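Worth saying up front: this structure is predicted, and the values here are computed from it rather than measured. First listed ligand is number 1; within each ligand, the first listed atom is number 1.
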Amino acid sequence: MKKMLIDQYNRVHDYLRISLTDNCNLRCFYCMPEEDYAFMPNKQLMQKEEIVSIATLFVQQGVKKIRLTGGEPLVRKDAAEIIQALGKLGVELTITTNATRIHLFIADLKNAGVKSINISLDTLKQEKFQLLTRRDQFNIVKDNIDLLLKNDFRVKVNMVVVKGMNEMEILDFIEWTKYIPIQIRLIEFMPFDGNKWNSDKLVTLQEMLELIGGKYTIAAAENEPNDTSKRYKIEGHQGSFAIISTMSAPFCSTCNRIRLTADGKIKNCLFSSSETDLLTPFREGADILPFIQQAIASKHKELGGQFSKDFEKIDTNELHNRSMIAIGG
Ligand code: SAM
Ligand code: SF4
């Protein structure tokens, strides 16, 4: 019989997101806690062979897609070797990156069979990039998006929309899709440890659609079965856009994701308050499959069991989670 990781709500989990590191060369305010954050020491991180062995076990259990993330996955010294090794597992391999270093990895990504890449970029203005990320890397990110397109990668650009910060640029991002075959993914701002989330900073799916619909004629596009985003097309545009409405219209009923943190812990949901340590038993030589199965079995129905889509009622003091940089987005 085909092996599958299924939870108590009959959701098949075939998409693994592996964080390679919690380290990053940017300091996005919505991702990193404001107070001093100490990156994990190297020995606490899964080593290359450990990542490949654990990923192989997941693939044997029916995982068909692996996304590398972080922190910034491409600041890890052995990132190229990890990409090459995972490219041999016969699954769809992809990556989410801030694109500041991706020019150094074009050949590795191609050789590993990576076709589609998600890039984070929240503003099209250089000064604002510096404000949002506390680093001066705007031009390299923009140049690297062009480089990826020239190299025939499919490019999706993730824009976390935060009221008062960048929602006034949504239409500029949409205009960008007129001339360039990229997909813009507008992401509702989510609460994590230390990121000062409150519901007033949220721009909802509905609000974004109203804004975009005021200028363009939008048509809904077809979604993939486990899509977390709702896709849209605008006539005459080479690219498209999608909205990730985790807060106002969550998509938990079709969730197929498993997250593995850089220190080898399963998070069965982005918002789960508990984790399952795989790395310690793995290092002790134990069979970790029962831990994986138990982690999937205990997945909550919605939003880690921590809140509901009634986002105005969320009290961030009551949420128990890591910061996004430590989870792996
Ligand atoms: N460093 C890589 C990057 O920035 O693409 C990968 C890791 S990052 C944590 C993964 C994704 O999570 C990024 O697209 C980022 O914008 C998103 N993200 C981080 N914090 C978020 C938040 N509070 N709400 C919504 N999305 C967030
Ligand atoms: Fe780094 Fe990505 Fe987080 Fe920004 S969103 S701080 S680039 S991990």
Which of the ligand 1 atoms, numbered from 1, are nearer than 4.0 Å to a heavy atom of [X]:
X    : result
S120 : 3 (C), 4 (O), 5 (O), 13 (C), 14 (O), 15 (C), 16 (O)
N98  : 2 (C), 3 (C), 5 (O)
I187 : 25 (C), 26 (N)
T69  : 6 (C), 7 (C)
G70  : 7 (C), 9 (C)
N158 : 14 (O)
N195 : 23 (N)

Ion pair E72/R101, N-O distance below 4.0 Å: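 No, E72 and R101 are not salt-bridged.
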Residue and atom name of the nearest protein heavy atom (relative to [atom]), distance in Å to one decimal:
atom                    : value
atom 3 (Fe) of ligand 2 : C31 SG, 2.4 Å
atom 2 (C) of ligand 1  : E72 OE1, 3.4 Å
atom 6 (S) of ligand 2  : C28 N, 3.3 Å

Answer yes or no: is there a side-chain heavy-atom contact under 4.5 Å between V12 and N256?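 V12 does not reach N256 side chain to side chain.
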Contact between L16 and V91 at the side-chain level, heavy atoms closer than 4.5 Å - yes or no?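 Side chain of L16 against side chain of V91, heavy atoms only: no contact under 4.5 Å found.
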Side-chain donor-acceptor contact under 3.5 Å, [X] with [Y]:
X    : Y    : result
N151 : K110 : yes
T261 : K267 : no
R67  : T96  : yes

Give a yes or no on whether F29 atom CZ has more than 12 heavy-atom contacts from other residues, nucleotides or ligands under 6.0 Å away.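 It does: F29 CZ has more than 12 such atoms within range.
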Taking NZ in K215 as the centre, count heavy atoms belonging to other residues, nucleotides or ligands within less than 6.0 Å. Is the count above 12?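 Check passes, neighbour count above 12.
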Compute the minimum heavy-atom distance from [X] to ligand 1 and say whether it is under 4.0 Å.
X    : result
S19  : no
I325 : no
E188 : yes

Which one holds for [X] and ligand 1: side chain close, backbone close, both close, or neither close, with close meaning a heavy atom under 4.0 Å?
X    : value
T96  : both
D122 : neither
F192 : side chain

Tell me the nearest of S120, G70, C24 to atom 1 (Fe) of ligand 2, using heavy-atom distances.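 Closest candidate by heavy-atom distance is C24.
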Nearest neighbour of atom 1 (N) of ligand 1 from the list G71, P73, P191, A99, on a heavy-atom basis: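 Selected option, by shortest heavy-atom distance: G71.
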Is there a donor-acceptor contact under 3.5 Å from the side chain of D108 to the main chain of A80?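 No, because the side chain of D108 does not come within donor-acceptor range (under 3.5 Å) of the backbone of A80.
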Is a side-chain donor or acceptor of R76 paired with a backbone partner of N23 at a separation under 3.5 angstrom?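 Answer holds: no.
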Of all residues at least two apart in sequence or in a different chain, which pass the ring-ring contact (aromatic ring centres under 6.0 Å, His included) check with Y9?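 ring-ring contact (aromatic ring centres under 6.0 Å, His included) check on Y9 returns nothing, list empty.
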